[in-house]
Amino acid sequence: MITRSKRNIIIKRVMSKTSEHLSSIITNLETPKEEEEEEEVIMEEEMEKQSSPAESWRFIHGLEDWTGMLDPMDPLLRAELIRYGEMAQACYDAFDFDPFSKYCGSCKFTRKEFFQGLEMTNHGYEVTRYLFATSNISLPNFFKKSRSPKVWSPHANWMGYIAVSNDEKSKYLGRRDITIAWRGTVTRLEWIADLMDILRPISLEKIPCPDPTVKVESGFLDLYTDKEKDCRYCHYSAREQILSEVKRLIDMYANEELSITVTGHSLGAALAILSAYDIVETQINFLDDVRPVPICVFSFAGPRVGNVRFKERLEQSGVKVLRVVNVHDIVPKSPGIIFNEHVHSMLFERVKEWPWSYVHVGVELELDHKNSPFLKEDADLTCAHNLEAYLHLLDGYHGKGQRFVLASGRDPALVNKACDFLKDHYMVPPFWRQDHNKGMVRNYDGRWIQAERPIHEDQPTDVHHHLCRLGLISDHL
């Protein structure tokens with residue numbers, strides 16, 4: 001438990017002004033005005049401590065579209081957004097990006113040791129399923145492939161995971177939470193150029209939408225629905241993997257209060273929206289007594305996904321989407337850079353059916369990295385898109401026009417985990433998160449070699465059964 005005196009120290013470290021060194025920051029915080037602001041933050045911490053998601057989780061999940069919760073920022077919503085953002089960040093931290101590794105494109109940890117390997121056991125979730133997608137589609141800057149002739153899979157890339165809250169966490173949350181976390185891309189923005197920027201009817205991919213005018217970006221659809229019959233990991237599409245596992249978990253916990261939360265960053269945010277839409281359109285979020293399981297998307301730095309009919313259909317379905325964006329990030333401005341929801345309404349009426357006319361869905365929470373005194377204002381575009389930077393901005397956001405103060409004391413050093421965004425005088429090296437010796441170990445005769453890893457599990461044997469029950473495949477296949 002943090003005592004009042006210790007909490008004061010934390011607050012002093014995280015409140016700052018632009019262009020000041022750390023030593024002067026601490027000195028300046030001793031002024032009466034700063035102490036008054038410090039007390040306000042301490043009071044807010046006490047409010048967060050007294051509150052519990054169990055009491056208000058439906059509002060955090062978007063029951064009233066987050067009305068009155070974003071400005072000023074609701075402390076509990078902020079904490080939950082950061083928590084789900086960390087579950088999306090875990091996809092990056094666990095992913096093997098190294099082309100010199102024969103495991104490139106895979107997860108560094110087995111499913112059962114996932115959160116333990118990332119030192120995230122306090123999150124209170126159990127990973128029940130890994131998600132894979134075939135890399136044999138036209139997104140070369142998104143997928144990672146090994147240069148080694150001996151690879152873990154010639155076709156698959158690890159895309160994320162499905163997890164369910166354990167008993168203790170479920171009690172705290174007020175329900176059993178099924179979370180789907182999608183991996184995006186953290187190192188390059190070139191994947192945006194890979195997008196065909198052409199809308200395609202979602203019904204063409206057997207997603208049961210009766211309206212042929214509901215369309216989404218072609219590349220997202222391919223990534224979500226393509227499969228490789230000869231691949232042990234991509235024998236079923238990412239879509240089939242998700243629908244079968246969510247159906248299994250809903251059946252398992254049918255007698256409990258349930259929620260489905262989908263999260264992702266960058267391209268993963270697009271897949272989060274697409275998969276949430278699919279779950280509701282396929283109606284697997286309905287219990288046997290016809291009660292719907294609430295489903296919500298927390299999207300970070302996500303691009304536009306579909307056209308105006310997709311937006312209307314998704315929002316009518318009851319899917320709640322909260323999109324967190326940095327105003328300086330180029331990804332949320334794509335695709336549909338020219339024709340989108342910001343053009344004049346009269347013009348939009350004329351172009352809304354065009355194959356490159358896109359609109360955002362849901363509710364937007366707009367952040368600005370130039371409001372953080374910790375961050376460089378002139379950093380490159382990749383920094384503005386970085387997920388750890390987004391979580392830093394969330395922690396300091398209290399409402400429009402309000403001072404940037406880190407509410408939870410989340411370590412600013414995390415920002416530089418995979419970029420160079422913190423101001424130099426904080427003395428945090430850029431790109432500091434590295435595997436020990438890049439995964440190299442000494443063998444029995446003293447030579448350095450790549451450490452062996454356990455291979456990922458095959459697709460569960462009951463996938464076919466659940467897909468048959470959903471009517472998505474034939475029982476004879």
Side-chain angles (χ1 to χ4, degrees), residues 62 64-67 70 139 182 184 189 191-205 207-225 262-281 295-367 384-385 390:
E64 295 183 351
D65 296 314
W66 299 282
T67 301
L70 303 179
L139 285 173
W182 284 97
L189 296 182
W191 66 268
I192 300 173
D194 294 337
L195 297 180
M196 287 178 274
D197 201 16
I198 295 176
L199 292 158
R200 195 162 85 221
I202 201 168
S203 56
L204 292 181
E205 301 302 327
I207 296 175
C209 176
D211 185 349
T213 66
V214 174
K215 300 177 182 180
V216 298
E217 201 280 327
S218 291
F220 301 154
L221 264 182
D222 289 341
L223 184 54
Y224 184 58
T225 60
V262 197
T263 188
H265 168 258
S266 190
L267 189 147
L271 295 171
I273 290 172
L274 183 55
S275 54
Y277 168 85
D278 190 19
I279 288 170
V280 173
E281 197 74 91
I295 183 165
C296 167
V297 177
F298 291 130
S299 157
F300 299 88
R304 296 184 181 94
V305 178
N307 65 355
V308 67
R309 287 296 299 126
F310 174 74
K311 167 188 168 67
E312 293 167 353
R313 181 83 181 175
L314 179 138
E315 293 178 355
Q316 289 167 5
S317 74
V319 175
K320 301 297 182 178
V321 180
L322 179 57
R323 296 181 300 101
V324 184
V325 302
N326 176 3
V327 295
H328 304 289
D329 186 355
I330 65 170
V331 172
K333 298 176 174 64
S334 307
I337 295 176
I338 299 176
F339 298 117
N340 56 60
E341 68 278 1
H342 296 304
V343 302
H344 192 279
S345 58
M346 291 181 63
L347 174 60
F348 188 75
E349 279 298 314
R350 298 181 62 181
V351 304
K352 67 180 182 181
E353 302 298 333
W354 291 11
W356 48 84
S357 178
Y358 290 78
V359 295
H360 271 305
V361 303
V363 176
E364 182 174 276
L365 173 58
E366 187 179 88
L367 306 175
H385 185 59
Y390 267 71

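Given the structure is predicted, the values throughout are model-derived calculations rather than measurements. Counting from 1, the numbers follow the sequence of the chain as shown.
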Does any N or O in the side chain of E364 come within less than 3.5 Å of the main-chain N or O of E366, such that one atom is a donor and the other an acceptor? no
Should D222 and R200 count as side-chain neighbours, where that means a heavy-atom distance under 4.5 Å? yes
Aromatic ring pairing F300/Y390, orientation class (parallel under 30°, perpendicular over 60°, tilted between): perpendicular
Is the shortest heavy-atom distance from the side chain of P208 to the side chain of D278 under 4.5 Å? yes
Side chain S203, main chain P212, donor-acceptor under 3.5 Å: no
Pair R309 + D211, salt bridge at N-O below 4.0 Å: yes
Any E315 side-chain heavy atom under 4.5 Å of V361 side chain: yes
Distance-only, no hydrogens or angles: does the R304 side chain make a donor-acceptor pair with backbone N or O of P335 under 3.5 Å? yes
Do Y224 and I207 come within less than 4.5 Å of each other through their side chains, counting heavy atoms only? yes
Between Y277 and F310, what is the ring plane arrangement, given parallel below 30°, perpendicular above 60°, and tilted in between? tilted
Report the distance from atom CG of L322 to atom CG of L70, rounding to the nearest 0.5 Å. 6.0 Å
Worked verdict on V216 versus I273 for side-chain contact (heavy atoms from CB on, under 4.5 Å): CA-CA 11 Å; V216 298; I273 290 172; over 6 Å; no
D65 side chain to T67 main-chain N or O, any donor-acceptor pair under 3.5 Å? no
Can you check whether I337 reaches S334 side chain to side chain, under 4.5 Å on heavy atoms? yes
Using modelled atom types only, decide if a donor and an acceptor are shared between the side chain of K320 and the backbone of E64 within a distance under 3.5 Å. no
Going by heavy atoms in the side chains, are Y358 and L199 under 4.5 Å from each other? yes
Minimum side-chain heavy-atom gap L267-L223 below 4.5 Å: yes
Heavy atoms, side chains only, cut-off 4.5 Å: are L365 and L367 in contact? yes
Between atom CG of L274 and atom CD1 of I279, what is the distance when rounded to the nearest 0.5 Å? 10.0 Å
